[in-house]
2 protein chains.
Amino acid sequence: MKVGVLSKNDNEEIHNKIIVQITELINLKNLEPGDKLPSERMLSEKLEVSRSAVREAINKLEFYGILKSIPQSGTFVADIGVTAMNGMIDYILGLEDPDFKSLVETRILLELKIVKLASLRRTDEDLVNIKAALDAFEEKVLNGENAVQEDLLFHLAIANTCGNSTLNGFMLKITPEIITNFKKYHVCGDELSVVAIQEHKAIYEAIKNQETQKARQIMKVHFKTLYQYCYNIE
Amino acid sequence: MKVGVLSKNDNEEIHNKIIVQITELINLKNLEPGDKLPSERMLSEKLEVSRSAVREAINKLEFYGILKSIPQSGTFVADIGVTAMNGMIDYILGLEDPDFKSLVETRILLELKIVKLASLRRTDEDLVNIKAALDAFEEKVLNGENAVQEDLLFHLAIANTCGNSTLNGFMLKITPEIITNFKKYHVCGDELSVVAIQEHKAIYEAIKNQETQKARQIMKVHFKTLYQYCYNIE
DNA sequence: TTTCATAAATTGGTTTACCAGATTAGAAGT
DNA sequence: ACTTCTAATCTGGTAAACCAATTTATGAAA
């Protein structure tokens, strides 16, 4: 089953159907950016579905920046143009659920950039946060406990200091899926955690000293095991 | 105003407040992964807000993989652990709206990876799609019309063939914001479009011939102007 | 005591009714 | 004809009522 990034349940199918119908309507009526859609009531009547279903479809299109609802006024076609809209909707409907490989591949890409930016832009306050996450991770590992959560919180702490809210948001989006997949495929890596402590410390130091390339290099080494694992799955 | 990735309206403030309260409740009750939250009715009563408000807060937490609602059963703490949950929620609530620089910075990062993957994984069918987007762009430019939409659809066509649904989804998420910012800051770049045609063609050929490094190199050149613009804004 | 069928209660989801702000139509005044 | 003001209408959002599936409680049978 295909499902979007918003992934909820199997009712997604009917949402997609409604999205297609709304799109067709926009094209039929030659609505331009800024134009108002028929009201939710009209749409639900015309498409013979409940208003809530229409609202959910609109929500999804709004999430992807294609529509814009304004409280007591109406729902409008965002000013990205109808060509972009039609193209995007095709791709949105075709979006598949991310598999583990996609997630890891993306995570590594994001984090190698994030650690560079973080080392350039980190404030002193940021360093305190990262250090706290680092200490929490170390304590857990030295206690012999599973520290997957603390591991990823350390990485999120870095993402939070990179000064790029888009990258930060993307990291937050994929982290839970990464964790659950770690558990699913038993990539918890308890045995590697002691090594990981040293690597985390080295990353922290590099960020602290603003050694951009070094920070990136250590992060790359840090991901080596994960990287190999990722490309051995397929 | 701070706002999350889901960015809707100013009522986000109260959603965040509810999210905090729900989190506190989970901690108070020492709920572990897999445990069931109080029902939506109980929560709305206890927190003295409407049930719909509770539902929206839960939806957001579900989007970020922290909670999981099961239809006639209940809402459960996802199995990422309470430590990860608490850390993530702090970061989620602190998320700011992405600025243009964040978007461009992220786009370039994503696309340089995407074009590599696409050149490795593209099918013959993919090539047809990319070529169609390429032709549409060329026609628009040669007609002297603004071709921002067709430009980005070409890039989305590539993203759609990269075999990584996470990266593809992220590209879809930022594209509309990129377009609106282009218009806002007048980065439409009509004068550059003729050059862009050649670059697009070269990218297409490289993907077609599966010349991975070359594809990436051309994409990098293609982004040069945008890159400079991005780092001159601040 | 255990097992299993049955009914009552609980759940998230959905439909319906209602709300307050925004828009529009039209009349009144100039 | 053109404003201006007002009231009726229309809008997305929200609260309340309802639903079907699930879970739990109950108790009879073994």
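Naming convention: chains lettered A, B, ... in sequence-line order (proteins, then strands); numbering from 1 in each chain.
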Thr75(A) vs dT11(D): side-chain N/O to OP1/OP2 distance below 4.0 Å: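 No, Thr75(A) has no side-chain N/O under 4.0 Å of OP1/OP2 on dT11(D).
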Below 4.0 Å: OP1/OP2 of dG12(D) and any side-chain N or O of Ser73(A):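 Checking dG12(D) against Ser73(A), no side-chain N or O comes under 4.0 Å of OP1 or OP2.
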Distance-minimising heavy-atom pair for Ser44(B) and Arg41(B):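 Heavy atoms only, the tightest pair is OG-O, 2.8 Å.
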Ile178(A) to Val104(A) - nearest heavy-atom pair and separation: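 Residues Ile178(A) and Val104(A), closest heavy atoms: CD1-N, 4.2 Å.
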Glu40(B) (side chain) and dG12(C) (base): donor-acceptor pair under 3.5 Å: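 Side chain to base: no pair present.
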Measure the distance from [atom1] on [X] to [atom2] on [N] and round it to the nearest whole Å.
{"X": "Leu37(B)", "N": "dT11(C)", "atom1": "CG", "atom2": "C1'", "answer": "13 Å"}
{"X": "Arg51(B)", "N": "dA17(C)", "atom1": "CZ", "atom2": "P", "answer": "18 Å"}
{"X": "Glu45(A)", "N": "dT11(D)", "atom1": "CD", "atom2": "P", "answer": "11 Å"}
{"X": "Glu13(B)", "N": "dG13(D)", "atom1": "CD", "atom2": "P", "answer": "17 Å"}
{"X": "His15(B)", "N": "dT14(D)", "atom1": "NE2", "atom2": "C1'", "answer": "10 Å"}
{"X": "Leu47(A)", "N": "dT15(C)", "atom1": "CG", "atom2": "P", "answer": "14 Å"}
{"X": "Asn59(B)", "N": "dT14(D)", "atom1": "CG", "atom2": "P", "answer": "13 Å"}
{"X": "Gln72(B)", "N": "dT22(D)", "atom1": "CD", "atom2": "C1'", "answer": "7 Å"}

State which of [options] makes the closest approach to the side chain of [X].
{"X": "Ser50(A)", "options": "dT15(C), dC18(C), dG13(C)", "result": "dT15(C)"}
{"X": "Arg55(B)", "options": "dG13(C), dG12(D), dT11(C)", "result": "dG13(C)"}
{"X": "Glu56(A)", "options": "dT14(C), dA20(C), dA15(D)", "result": "dT14(C)"}

Aromatic plane relationship, Phe170(A) with Phe170(B) - under 30° parallel, 30 to 60° tilted, over 60° perpendicular: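 Parallel, since the angle between the ring planes stays under 30°.
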Mutual orientation of the aromatic rings belonging to Tyr185(A) and Phe100(A) [parallel < 30°, tilted 30-60°, perpendicular > 60°]: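 Taking Phe100(A) first and then Tyr185(A), their aromatic rings lie parallel (interplane angle under 30°).
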Pairwise 5' ranking along DNA chain C for Lys36(A) and Arg41(B), keeping only the more 5' one: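 Closer to the 5' end of DNA chain C: Arg41(B).
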Sugar-phosphate, base or nothing in reach of Ser52(B), heavy atoms under 4.0 Å: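 Base contact.
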Under 3.5 Å: donor-acceptor pair, side chain of Asn168(B), backbone of Asn164(B):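 No; judged by distance alone, with no hydrogens or angles, the pair does not exist.
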